[in-house]
Each structure stands twice: as structure tokens, then as C-alpha cells.
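Taking it in order: structure first as C-alpha cells, then the write-up.
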Amino acid sequence: MSGSVDRELAAAARAWPFEEARKVLARIGAGAPAKGHVLFETGYGPSGLPHIGTFGEVVRTTMVRRAFRALSDVPTRLYAFSDDMDGLRRVPDNIPNPERITPHLGKPLTAIPDPFGTHESFGHHNNARLRAFLDRFGFDYEFQSATECYRAGRFDAALRRVLERYDDVIAVILPTLGPERRATYSPFLPVCAKTGRVLQAPVVARDVDAGTIVYRDEDGSLVETPVTGGRCKLQWKADWAMRWHALDVDYEMSGKDLIDSVKLSSRICTILGGRPPEGFTYELFLDENGEKISKSKGNGLSVEQWLTYATPESLALFMYNAPRKAKKLFFDVIPRQVDDYLDLLAKYDKDDRAARLENPVWHIHGADVPAAEGHVTFGLLLNLASVCNTEDRAVLWGFITRYVPAATPASAPILDALVGHAIAYYRDVVKPEKHYRAPSAAERAALEDLAATLEALPPEASAEAIQNEVYEVGKRHPLENLRAWFKALYEVLLGQTEGPRMGSFIALYGKREMIALIRDALAGRSAAA
RNA sequence: GAGCCCGUAGCUCAGCGGUAGAGCAUCUGACUUUUAAUCAGGUGGUCGUGGGUUCGAUCCCCACCGGGCUCACCA
């Protein structure tokens with residue numbers, strides 16, 4: 001039915017995931033690859049924790065995979081590959097009990113005790129963190145551990161091939177190294193049987209038929225070891241190439257910092273008789289000043305932060321947009337991504353079949369694009385939250401129903417989620433900047449009057465009636481003018497120079513709550529305290 | 001030294017060959033009592049420079065200028 005039509009549209013779609021998917025399609029030609037599926041891979045170095053870049057790489061790869069599915073019936077798989085056999089070089093500064101790690105430096109991550117004490121090893125711990133991170137977003141992937149691949153012999157054939165083509169592999173790497181490294185370089189890093197450490201030891205002999213190397217150990221002795229079965233790990237660029245070959249990876253993207261590595265690893269992969277995967281180089285993220293984001297500087301934005309103040313879909317949209325452009329990734333970009341997402345969601349309903357394939361929400365959600373709820377922007381919610389001075393969802397919803405009478409938290413789940421995010425934004429960003437001041441003598445008298453007046457009002461008093469009373473209270477006290485009266489209310493009670501219409505605000509905020517707010521302020525207990 | 005990205009309204013950016021756009025900022029008006037919100041409208045750009053391709057270029061190609069980043073140790 002519509003499948004073939006959509007396939008034609010997909011073949012012509014200009015969105016970048018389709019461009020990428022067509023590269024994969026051209027690569028595999030008419031049928032499926034011998035392994036029966038197309039393999040996408042994302043890499044992960046488990047000496048650190050998953051971060052916003054990890055998310056970006058997986059979500060973007062998933063978008064390409066999704067586009068590929070629209071183009072072809074060939075099955076696809078996505079490996080999230082953890083390089084957990086890597087030797088730990090330095091003790092990370094963000095872990096507990098660092099002293100327990102220090103004696104194990106140089107060992108594979110999966111052979112180092114878990115400093116958190118919750119998993120079999122440090123590597124296993126971080127792998128679990130990666131999986132929990134990915135699962136949180138519902139990514140469809142298969143976790144792969146380098147340690148397991150090496151030990152189970154899954155890389156053995158490819159490792160023997162590296163041994164066989166040793167000289168050719170070396171010839172690619174050596175020119176890129178400094179003279180001191182060049183002297184001792186070997187793509188094979190033997191795992192020392194005595195110490196368990198991954199060694200950068202010079203290889204003095206090789207036996208291709210036996211599948212072994214002889215290296216000079218730290219104590220000067222010569223040791224012969226198989227290159228297979230997890231007895232040797234490969235140095236990183238050779239490792240990447242070997243993995244591509246051994247697993248027959250069809251697609252892997254990477255940051256522009258790895259451009260040279262991709263070139264080298266591709267050459268090595270070819271030497272091994274493999275075909276390097278289709279690649280995509282994405283730009284790195286910058287901070288608000290256009291400077292490189294680095295974990296040590298702490299100028300980056302974390303996934304946690306983003307998800308506190310906005311939805312995962314908005315983050316996915318940020319990753320979808322212009323992946324080849326160095327984009328500033330900092331706090332202030334969040335609201336716009338949310339509103340752009342809402343706009344695109346609304347547009348999707350009206351899009352024809354072709355336009356839908358170009359709409360980022362198609363790439364974010366696939367077939368399950370949720371219905372738009374419309375009409376209220378995140379920018380408006382942020383303003384409302386700060387103007388209303390509230391962390392109460394019901395108060396915000398009170399205002400929202402003035403704009404969209406039919407909407408409720410149950411009928412508009414996206415909106416309700418945004419209400420929560422807006423409140424978090426108010427609580428963490430706006431509220432700390434509030435400055436409450438003490439009332440003057442005249443203002444104090446007027447505030448006491450207002451509290452008493454509110455108390456005397458019937459519970460069913462309308463917003464308009466309350467507004468009139470607030471107005472009357474202001475008029476019967478010797479204040480400069482009414483403008484000053486309202487200003488004083490905002491400054492004393494809400495800690496800001498501007499605020500909402502008091503009548504409707506009190507009606508929603510609650511008469512009793514308002515009285516308490518006044519009494520607290522008069523007693524010197526501001527909301528900030 | 002090698003490579004990548006960017007240069008469009010005051011700010012942040014969209015614009016993928018056919019008479020320059022959005023948000024914010026600013027200005028005016030409306031919402032019959034302060035303010036904010038909201039709504040309507042206005043101001044505002046030689047699209048970095050110079051060539052080329054084209055009937056036509058912000059958009060494609062080349063060069064240049066300017067800004068920034070990455071790799072040149074390890075992964």
C-alpha cells in the first residue's frame with residue numbers, strides 16, 4: 001500500500017539522516033550483507049561516564065538507522081560498543097575511594113575493582129551506567145563489551161590477520177608517531193600474565209603460524225604470548241580498525257577531533273581485508289563564549305541539567321539540527337529548542353507525506369509522533385512561573401486554562417511536563433535572583449489592612465472583586481500613588497519589581513495562602529528564606 | 001603544519017537558485033482602574049569582500065578577509 005510510496009519519498013528526502021542512510025544503502029548494494037543485517041556502531045570509552053555527547057552520537061545514529069528502515073527492508077542492528085578492556089591510565093577525579101584504584105593503574109577497566117562497590121569491576125560499573133543512561137531514553141541497541149569480545153575469541157581471526165599484516169599496519173601508524181614512541185610501538189598491547197596490566201612493550205618477534213608474539217617485559221625478560229583470546233589488546237587506532245573488520249561494521253559516526261583517526265583506522269581496516277564503515281563527522285559543541293567544552297573546565301551542559309529544565313525530545317531536536325555545525329550548547333538554548341519542537345509537532349499534523357519525512361519530529365519519534373497539544377509556548381510558561389512566583393503546578397494550570405480552556409494535565413501530558421520544567425526553571429534560575437525588601441511604615445499598615453480585608457472577603461470572591469479590594473486598600477493609605485502600592489506588593493511579597501495582576505493572582509494562588517504570605521513578610525520571613 | 005566550522009536586522013539564529021525571515025530587544029496601539037502577561041502593528045539588513053556559473057545567487061564554484069575550533073601525546 002503506502003509503503004512503496006513512502007519508500008520513493010524516502011529515496012528523495014533531503015534530511016541529513018536520509019542522506020546518510022542512502023550512503024549505507026549504496027554500500028550494501030542489492031541484497032543484505034553476508035551477516036544478514038546492516039550494523040551501526042557507536043563507541044564508548046568507559047573510563048568516563050556517559051555525557052551529552054554520548055547521547056548526541058547515539059540519537060543521531062538512531063536517526064540514520066530509522067531513515068534506513070524507511071529505505072530498505074534489510075534488518076538493522078545497533079551496537080553500543082564499550083572499550084572496557086582499555087588500560088586505565090589515570091585515576092578519575094570524580095570517583096569515591098580513589099586510593100583503592102591507584103594500585104590497579106594500567107589494568108583493563110574490567111579488571112579493576114569497582115570504586116563504587118556495586119559491580120564486578122570499574123568497567124562493569126561504568127558499562128551499567130551507560131546502559132541505564134541509554135535505557136532512560138528508550139534507545140534500541142545491543143550492548144557490546146570489548147573484554148567479552150576479546151576473551152570469547154570473537155576477534156581472534158581478525159587479530160591473527162593483524163599479526164599477518166603486521167608490517168603493513170605498522171607502516172601506516174609509524175609516520176604519525178613521535179620518534180620516542182616510534183621506537184617501541186606495537187599495535188599489540190600484551191596483557192601481562194603476572195601483573196594483569198596492559199603493557200606498551202616492544203615486540204621483538206612474531207610467529208604468524210602460531211599466532212604469538214614475543215615481547216620484552218618490564219623486568220627485561222622475553223615473554224611469548226598468543227595475540228588471541230584476550231591475551232593481547234590492540235592499540236586504539238588498530239583496535240578500531242580491527243573491530244570494524246571483525247564485526248563488519250557498516251556505519252559509525254564520530255566527532256571532528258577523530259578525523260585523522262578515522263583516516264588511519266580506515267587504511268588499516270582495508271589492509272586487514274575489511275571495508276571501513278560509512279562515516280559521518282559531526283562538529284563539537286562550544287559553550288556560550290564559543291569555547292571548547294571540556295569536562296575539566298566544567299563549562300558544558302549536562303544531560304541532567306537539560307532534562308531538569310526541558311524534555312528529552314527538545315534535546316533530541318538540538319542534536320538533529322545542523323550536526324555539522326559547531327553549535328553553542330549552554331543553558332539559554334534550551335527554551336528555544338522546546339518551542340521549536342512544539343512548533344514542528346504542530347506542523348507535522350498539516351504536513352503531507354513528503355514533508356513529514358523532512359520534519360525533525362519524524363526523525364525524533366519515527367512512526368509514533370505524538371499529537372500536538374498546541375497554543376501554549378514554553379516561553380510563556382517560563383514567564384508565567386516567574387511572574388506567579390509559584391512552585392505549585394495548580395497555580396500555573398489555573399493560568400493556562402485561561403488560554404486553553406479545554407486543556408488539563410491529563411489531556412495535555414506534554415504541556416503538563418513543561419509545567420514541571422518551567423517550575424524547575426523558576427525555582428533554580430529565577431527565584432535565587434529575587435530580592436525581597438522590607439516594607440515602609442505606611443506600606444506595613446497597608447499590608448496589614450490588605451490581609452484583614454482579604455480575610456473578610458467571602459470564599460467565593462471573584463478575581464475582579466479581589467482586584468477591587470486591593471485597589472481600595474491602596475487608596476485609603478497614604479502611599480505615593482497606586483502604582484507605588486502595587487510595586488510595593490511585588491517587591492515585598494514576590495521579590496520582584498513587576499508581577500501579575502493581583503486580583504487574578506490571589507484568586508489562583510489562594511486567598512488564605514496570600515494572607516499567610518503577607519503575614520510572613522510583615523514578620524520578616526520572606527519567601528526567600 | 002594539516003583539517004573542519006562559521007561570517008544574514010542591535011542580539012541569537014532560520015533561510016538547501018526565483019521579489020530578504022523568526023525569536024528577543026526597541027517603538028506604537030488594544031485589553032474601559034498599577035505592572036506583567038497576551039494580542040495587533042511599526043522601525044530595523046549594500047545577506048564578510050572580489051570574481052565566476054546562471055535569464056536570475058544569501059543559496060552553487062573559486063579566491064581572499066575576518067572569527068573560532070580540532071588534530072599534530074593518549075584514547
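Quick caveat, the model's predicted, so the values are computed rather than measured. Below, read A as the first sequence line, B as the second, and so on, with proteins coming before strands; counting in each chain starts at 1.
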Checklist entry - Given that both distances must come in under 3.5 Å, which nucleotide forms a Watson-Crick or G-U wobble pair with rG66(B)? => result rC6(B)
Next on the checklist: Taking the C1' atom in each of rU43(B) and rG48(B), what is the distance between them to the nearest angstrom?
Outcome noted: 25 Å
Next on the checklist: Check this for me: R476(A), atom CZ, are more than 12 non-hydrogen atoms of other residues, nucleotides or ligands nearer than 6.0 Å?
Outcome noted: yes
Checklist entry - rU34(B) base to Q467(A) side chain: any donor-acceptor pair below 3.5 Å? => result yes
Contacts table for residues 317-326 of chain A: side-chain donor-acceptor under 3.5 angstrom, sequence neighbours left out:
residue	atom	partner	partner atom	Å
N321(A)	ND2	L317(A)	O	3.4

Next on the checklist: Can you check the distance between rA2(B) and rG18(B), where both ends of the measurement are the C1' atom (answer in whole Å)?
Outcome noted: 40 Å
Checklist entry - Between atom CD1 of I506(A) and atom CG of L450(A), what is the distance when rounded to the nearest 0.5 Å? => result 6.0 Å
Checklist entry - Looking at E469(A) and K511(A), does any basic side-chain N land under 4.0 Å from a carboxylate oxygen? => result no
Checklist entry - Can we call the ring centroids of Y341(A) and F378(A) under 6.0 Å apart? => result no
Checklist entry - Ion pair present between K237(A) and D260(A), side-chain N to carboxylate O less than 4.0 angstrom? => result no
Item to check | Aromatic plane relationship, F280(A) with W16(A) - under 30° parallel, 30 to 60° tilted, over 60° perpendicular | outcome: parallel
Checklist entry - With rounding to whole Å, what would you report as the distance between rG10(B) and rU46(B) at their P atoms? => result 9 Å
Checklist entry - Looking across every strand, which nucleic acid part, if any, lies under 4.0 Å from T176(A) by heavy atom: base, sugar-phosphate, or nothing? => result sugar-phosphate
Checklist entry - Across the strands shown, which category fits L258(A) at heavy-atom distances under 4.0 angstrom: base, sugar-phosphate, nothing? => result base
Checklist entry - Hey, does the side-chain of K256(A) have a donor or acceptor N/O within less than 3.5 Å of a partner on the base of rC5(B)? => result no
Item to check | Closest-nucleotide 5' rank along RNA chain B - winner of D257(A) and K328(A) | outcome: K328(A)
Checklist entry - Within 45° of the axis and under 6.0 Å from the centre of the six-membered ring of F81(A), does NZ or CZ of R243(A) qualify? => result yes
Item to check | Base partner of rA40(B), which must satisfy Watson-Crick or wobble distances under 3.5 Å | outcome: rU28(B)
Next on the checklist: Distance check, C1' atoms only: rU12(B) and rU28(B), in whole angstrom units.
Outcome noted: 25 Å
Checklist entry - What distance, rounded to whole Å, do you find between the two C1' atoms, one in rC24(B) and one in rA14(B)? => result 14 Å
Under 3.5 Å, which protein N or O atoms sit close to an N or O of nucleotides 21-25 of chain B? Give each pair with its distance.
none

Next on the checklist: Would you measure the distance from the C1' atom in rG45(B) across to the matching atom in rC13(B) and give it in whole Å?
Outcome noted: 14 Å
Checklist outcome for this item: Taking for S261(A) and for M502(A) the nucleotide of RNA chain B with the nearest heavy atom, the one nearer the 5' end belongs to M502(A)
Checklist entry - Does the pair T110(A) and R151(A) meet the rule for a side chain to side chain donor-acceptor pair (under 3.5 Å), with working shown? => result CA-CA 12 Å; T110(A) 42; R151(A) 292 213 181 128; 4.7 Å; no
Next on the checklist: Using atom P in both nucleotides, what's the gap between rG21(B) and rA36(B) to the nearest angstrom?
Outcome noted: 30 Å
Could you write out each protein N or O paired with an N or O of nucleotides 6-10 of chain B at a distance under 3.5 Å?
none

Next on the checklist: I'd like the C1' distance from rA9(B) over to rG1(B), given in whole Å.
Outcome noted: 40 Å
Checklist entry - How are the rings of W240(A) and W236(A) set to each other: parallel, tilted or perpendicular (split at 30° and 60°)? => result parallel
